[in-house]
> 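Input: one structure, supplied below.
This is a predicted model, so every value here is computed, not measured.
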Amino acid sequence: MTGRSTEPSRRTFLRMGALAALAVPLASACSPGFDESPDPLGPLLRAAETDAAGAKALGAEGEAVATARAAHAAALKTEVDRLNRPKPEQPGPGAIPPPSSLDGLKERLATARKQAEGLVPSLPRYRAGIVASIAAGCAALQQSSEKLGRGDDAGPVEVPAGVRLGGETAEAVQQALAAEHAAIWVYGLVSAYLPAAFTGAVSRGTAEHVKRRDVCERMLSAAGQTPTGPEAAYVPPRPVTEANSAMELVATAESDASSAWLGVLDRTDDAALRTTALNALIGSARRGTAWRAEFGAKPVAIAMPGQAA
């Protein structure tokens, strides 16, 4: 033993304090630097994968749902893998059983749609567009078959309170307005080629697009923008000569409207405007599905409405 004191000196305390101060920036430098919380798209991905597997096991009756939900899973997986955020522990076997009947599939589609719709207002733009398209795809699948429950109609398309349009958002709303002008013209054209049984559907479709046109014009005018007017005439991608070609044109107009409103979603961070755009997207996806069923399109329901094919 020596006679040196075992009590820490003042110099020792100072040295320890300096080391502690250095540790803080070092710890920060070693932190991962990204969001370590679980990815909010993870539950949507697992549900889509489970639904696709369950629908596939149902055979021909579940084939369309299996294909669409597999497309949803693929889109979600690409995005989840891109960010590579920490993944929670996976549930054990049987914790999320796949749907074993059409009734079960009906419930799963309704749940998936509701979950997706709930995420859209708060996600980053690109992700909001993907999830909105998936919500619309689930709504289209519901519309495609009575056995899948038809599902709820889309919410109202209204002028969002306090929304401010500028730059790319205003341009996106102008494009949505142009799509609405075209849809109104299409519904007017096809009425001459469709049987009387479709008069109600044509009237409802026209009224909805007129309402949306007015919403776009009011938003743009409030922002000091001049709303774009309708074209003097439109050229259908294919000649309209009878009922089937008329129905196909209506379905195309609804698809174009879906794309335009998805474009609004992709170009705004305003939650209320996103909700308006989502409701318009879902409404067009459901109406387009109904028209596609009438002329025998395959698939009847588009997996991800609004997205480029």
Side-chain angles (χ1 to χ4, degrees), residues 64 67-68 71 133 136-137 139-146 148 150-151 153-154 157 171-217 220 227-265 277 279-309:
T67 300
S133 185
L141 287 167
Q142 290 175 312
Q143 178 68 44
S144 69
S145 170
E146 192 69 48
L148 295 175
R150 295 301 186 192
D153 288 335
V157 177
E171 178 57 31
V173 174
Q174 292 278 25
Q175 292 173 5
L177 174 57
E180 296 302 336
H181 284 313
I184 294 167
W185 181 87
V186 164
Y187 273 96
L189 172 70
V190 301
S191 60
Y193 296 90
L194 295 172
F198 291 93
T199 300
V202 170
S203 296
R204 289 189 296 273
T206 301
E208 179 59 28
H209 287 288
V210 167
K211 180 181 179 181
R212 292 191 199 176
R213 177 201 65 192
D214 294 347
V215 165
C216 290
E217 289 179 342
L220 290 163
T228 186
E231 299 289 339
Y234 295 88
V235 180
R238 293 174 56 185
V240 177
T241 56
E242 35 68 50
N244 272 9
S245 56
M247 294 176 193
E248 185 176 1
L249 181 60
V250 177
T252 298
E254 295 292 359
S255 178
D256 290 345
S258 293
S259 297
W261 283 103
L262 184 61
V264 175
L265 262 163
N279 290 341
L281 168 61
I282 290 174
S284 277
R286 287 174 62 81
R287 267 191 306 279
T289 298
W291 287 104
R292 287 170 65 84
E294 290 292 346
F295 71 86
K298 298 294 181 183
V300 173
I302 296 173
M304 297 187 67
Q307 298 282 351

> I need the minimum non-hydrogen distance between Tyr234 and Ala178, along with the two atoms involved.
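In terms of heavy atoms, the two residues are closest at OH-O, 4.5 Å.
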> For a side-chain contact (heavy atoms from CB on, under 4.5 Å) check, start with the C-alpha distance between His181 and Arg213, then their side-chain angles and the critical distance, and finish with the verdict.
CA-CA 7 Å; His181 284 313; Arg213 177 201 65 192; 3.6 Å; yes
> Drop me the distance from Gln142's CD to Asp153's CG, to the nearest 0.5 angstrom.
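The CG atom of Asp153 is 10.5 Å from CD of Gln142, to the nearest 0.5 Å.
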> Are any of the side-chain heavy atoms of Ile302 and Thr289 separated by less than 4.5 Å?
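When only atoms from C-beta onward are counted, Thr289 and Ile302 do not touch, as no gap falls below 4.5 Å.
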> Does Tyr187 offer a backbone N or O that forms a donor-acceptor pair with the side chain of His209 under 3.5 Å?
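Checked: no pair found.
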> Give the intermediate values and the outcome of side-chain contact (heavy atoms from CB on, under 4.5 Å) for residues Leu249 and Arg238.
CA-CA 8 Å; Leu249 181 60; Arg238 293 174 56 185; over 6 Å; no
> Would you compute the distance between atom OG of Ser284 and atom CH2 of Trp291 and round it to the nearest 0.5 angstrom?
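Answer rounded to 0.5 Å: 13.0 Å.
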> Distance from Ser145 atom OG to Arg150 atom CZ, nearest 0.5 Å?
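Between Ser145 OG and Arg150 CZ, I get 6.5 Å after rounding to 0.5 Å.
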> Please give me the minimum heavy-atom distance between Val264 and Ala172, naming the atom from each residue.
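Closest heavy-atom pair between Val264 and Ala172: CG2-O, 3.6 Å.
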> Could you tell me which non-hydrogen atom of Leu281 sits nearest to which non-hydrogen atom of Ala136, and how far apart they are?
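Smallest heavy-atom distance, with atoms named: CG-CB, 3.9 Å.
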> For the pair Arg286 (side chain) and Ala140 (backbone), establish whether a donor and an acceptor sit closer than 3.5 Å, ignoring hydrogens and angles.
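Absent.
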> Using the side-chain contact (heavy atoms from CB on, under 4.5 Å) rule, take Met247 and Val250 through it: C-alpha gap first, then chi angles, then the decisive distance, then the call.
CA-CA 5 Å; Met247 294 176 193; Val250 177; 5.7 Å; no
> Any donor and acceptor pair, going by atom type alone, linking the side chain of Ser255 with main-chain N or O of Ala251 inside 3.5 Å?
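Not confirmed, Ser255 side chain does not pair with Ala251 backbone.
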> Considering all heavy atoms of both residues, which atom of Ala246 and which atom of Leu194 are nearest to each other, and what is their separation?
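Ala246 and Leu194 have their closest heavy atoms at CB-CD2, 4.0 Å.
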> Walk me through it: do Val157 and Glu208 pass the test side-chain contact (heavy atoms from CB on, under 4.5 Å)?
CA-CA 9 Å; Val157 177; Glu208 179 59 28; 3.9 Å; yes
> Which atom names give the shortest non-hydrogen contact between Val202 and Ser191, and what distance separates them?
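So the minimum-distance heavy-atom pair works out to CG1-CB, 4.3 Å.
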> How many angstroms lie between CG in Asp214 and CG in Leu177, if you round to the nearest 0.5 Å?
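Taking CG in Asp214 and CG in Leu177, the distance rounds to 9.5 Å.
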> Nearest 0.5 angstrom please: Arg287 CZ to Ser258 OG, how far?
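One finds 8.5 Å between CZ of Arg287 and OG of Ser258.
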> For Arg204, give me all partners under salt bridge (Lys or Arg N to Asp or Glu O under 4.0 Å), at least two apart in sequence or on another chain.
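Not a single residue meets the salt bridge (Lys or Arg N to Asp or Glu O under 4.0 Å) criterion with Arg204.
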> Quick check: does any side chain N or O of Arg292 sit under 3.5 Å from a backbone N or O of Ala301, one acting as donor and the other as acceptor?
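Side chain of Arg292 to backbone of Ala301: no pair is present.
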> Quick one: salt bridge (Lys or Arg N to Asp or Glu O under 4.0 Å) partners of Glu294, sequence neighbours excluded?
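So Glu294 forms no salt bridge (Lys or Arg N to Asp or Glu O under 4.0 Å) with any residue.
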> Quick one: does any side-chain atom of Ser133 pair with a main-chain N or O of Pro305 as donor and acceptor, under 3.5 Å?
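Checking the backbone N and O of Pro305 against the side chain of Ser133, a donor-acceptor pair under 3.5 Å is found.
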> Kindly determine whether Glu248 and Ser245 satisfy side-chain hydrogen bond (donor to acceptor under 3.5 Å, both in side chains), including the steps that lead there.
CA-CA 5 Å; Glu248 185 176 1; Ser245 56; over 6 Å; no
> Scan for salt bridge (charged side-chain N to carboxylate O under 4.0 Å, His left out) pairs involving residues 172-189, sequence neighbours excluded, and state none if there are none.
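Non-adjacent pairs meeting salt bridge (charged side-chain N to carboxylate O under 4.0 Å, His left out): Glu180-Arg212.
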> Indicate the atoms forming the closest heavy-atom contact of Ile282 with Ala139, along with that distance.
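Minimum heavy-atom separation between Ile282 and Ala139: CG2-CB, 3.8 Å.
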